[in-house]
Asker: 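Here it is: the structure, laid out below.
Chain naming here is simple, since letters A, B, ... match the order of the sequence lines and numbering starts at 1 in each.
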Number of protein chains: 2
Amino acid sequence: MRAGGPGADGYNSIPAAAVARLPIYRRVLLELLSTRTTTVSSTRLATLAGVNAAKVRKDLSYLGSFGIRGVGYNVEHLLYEVSRELGLTHDWPVLIAGLGNLGSALANYGGFLERGFPVRALVDADPAKVGREIAGVPVRHVDELEGIASEHRIAIGIVATPAVAAQDVVDRMVSAGIGSILNFAPVVVNTADGVSVRNVDLAVELQVLSFYQRRHVPGDLSDLLEPGRVS
Amino acid sequence: MRAGGPGADGYNSIPAAAVARLPIYRRVLLELLSTRTTTVSSTRLATLAGVNAAKVRKDLSYLGSFGIRGVGYNVEHLLYEVSRELGLTHDWPVLIAGLGNLGSALANYGGFLERGFPVRALVDADPAKVGREIAGVPVRHVDELEGIASEHRIAIGIVATPAVAAQDVVDRMVSAGIGSILNFAPVVVNTADGVSVRNVDLAVELQVLSFYQRRHVPGDLSDLLEPGRVS
DNA sequence: CTCTGTGAATGTATTCACAGCT
DNA sequence: AGCTGTGAATACATTCACAGAG
């Protein structure tokens, strides 16, 4: 994981773990489509997605029965069904708050637009940044967030501010009616019910890796037994 | 979770889901320490970490019995134990491959050094980028990766290249003896056994959010029923 | 015969609830 | 009394294994 998904399971209820894998299948299907592959088996899809075949079949079965026994899945049709389930048949306008290194990089990152998430608005608390343009989008002051959000019909907010500013920005996003927030600030933020928040702390990813790396380097365990640097 | 962690469960075996939460507890403990808080209960720690108290106690119990019944946990001691378990009593030198928007932002991102992951080396395939300096670290050619990795005793490799280049870079990292890889390229990469890979596809996070957002905006479901844009 | 779709079985994770220490 | 640590219970996720469609 990181897998655990946000709450509010609907009536239909696809398991959160399965939802988290759908974007991966989608990525693979796009790749297959671009190579003119028309059909794919659960085994092949599993290899390309880095999971096992039973999981692929079970995950896809939550969306319906789109495979053909003895043959496999039609790439184009399956791609459409997965996209529909993920709500990716239309774009989701994004607002980014905080234009430091990470925020600016995300604003410039073409991968978002390409995958249906156009960055339509940027806000920052620093007056020196307000008025500049990044990737063709003007930076505006965070105080104007609410108006900007409704003007551009923002669906998703990305928080790339320092930790101390994150809760305030999240509060503004929530009161602006933004229902989904991707938080890169290293802090746990609170929201009203019904708002989905996904926290991605880049350093956390490295820390988990360092845990598993230790298991593979038993010769280096010695210095771990003595108290030393803690922060 | 994305919880599911990389493999090679050791003898001792802390559940992967628990390991994934340790960095969050650590972050909270650092925050508490900086406010001179000496003791913390599982309930308070849970609130600050955004989980529930039973989970905190269970997670921490895998590391040993460090709490005091009737009182709580000593912040400084618990911080040390969590850090030790994560292998964060010493630094882990990092190499970043691919210095586009994201790679450059990561190289400039102070949060890594601050949390024990100094960025010591940068590589790119583009000759125009080789020779430049980012955050005081020179960019070198990816062909030199192996020598650079051993020279700087690199422990963790970050892949921030385009998808097509990722597998090649990962292969070089693995042959250079790098045992942990954080992959931001939107592609599933293969490695030998014993190498831990964590994939973080930023657009995937947004896609999962868009799934859950749909549940909360039932009025907008209409246009999802007709085939339209698929990618 | 091939490959999907799915109940049943197994494995993991979370939560409950309380004994026992302080 | 307050709070941890942990078995037991529950919930969730993965994998197996095979019936049945093509």
Asker: CG of A:L45 versus C1' of C:dT2: gap in Å, rounded?
Answerer: 17 Å
Asker: If I take atom NZ in residue A:K55 and atom P in nucleotide C:dG5, what distance separates them, rounded to the nearest angstrom?
Answerer: 18 Å
Asker: Can you work out whether A:R69 or A:N52 has the more 5'-proximal nearest nucleotide on DNA chain D?
Answerer: A:N52
Asker: Would you tell me if any nitrogen or oxygen in the side chain of A:Y73 comes within less than 4.0 Å of OP1 or OP2 on C:dT2?
Answerer: no
Asker: For A:A54 and B:V71, take the nucleotide of DNA chain D holding the closest heavy atom to each; which residue's nucleotide lies nearer the 5' end?
Answerer: B:V71
Asker: Contact class for B:G70 vs. all strands (heavy atom < 4.0 Å): base, sugar-phosphate, or nothing?
Answerer: base
Asker: How would you label the contact of A:R21 with the nucleic acid (heavy atoms, under 4.0 Å): base, sugar-phosphate, or nothing?
Answerer: sugar-phosphate
Asker: Can you check the A:Y25 OH to C:dT4 C1' distance for me, whole Å?
Answerer: 14 Å
Asker: With respect to the side chain of B:R57, which nucleotide from C:dG5, C:dA17, D:dT14 is positioned closest?
Answerer: C:dA17
Asker: Between A:K55 and A:D59, is there a salt bridge with N-O shorter than 4.0 Å?
Answerer: no
Asker: B:R44 CZ to D:dC3 P: how many Å, rounded?
Answerer: 13 Å
Asker: Which distance, rounded to the nearest 0.5 Å, do you find between the OG1 of A:T38 and the NE2 of A:H77?
Answerer: 14.5 Å
Asker: Might you work through the salt bridge (Lys or Arg N to Asp or Glu O under 4.0 Å) test for B:R153 and B:D91, ending with a clear yes or no?
Answerer: CA-CA 11 Å; B:R153 311 182 122 271; B:D91 284 356; over 6 Å; no
Asker: Roughly, in whole Å, what's the span from CG in A:N74 to P in D:dG22?
Answerer: 16 Å
Asker: Regarding A:E146 and A:S175, do their side chains bring together a donor and an acceptor under 3.5 Å, going by distance alone?
Answerer: yes
Asker: Measuring from atom CG of B:N183 to atom OG1 of B:T161, what distance do you get when rounded to the nearest 0.5 angstrom?
Answerer: 7.0 Å
Asker: If you pin A:S61 and B:D59 to their nearest nucleotides in DNA chain C, which one's is more 5'?
Answerer: A:S61
Asker: With a cut-off of less than 4.0 Å, is there a side-chain N or O of A:S41 near OP1 or OP2 of C:dC3?
Answerer: no
Asker: Whole angstroms only, please: what is the CG-C1' distance between B:L78 and D:dC3?
Answerer: 14 Å
Asker: Expressed in angstrom and rounded to an integer, what is the separation of B:I14 atom CD1 from C:dA13 atom C1'?
Answerer: 15 Å
Asker: Specify the residue among A:K58 and A:V40 whose closest nucleotide of DNA chain C lies further upstream toward the 5′ end.
Answerer: A:V40
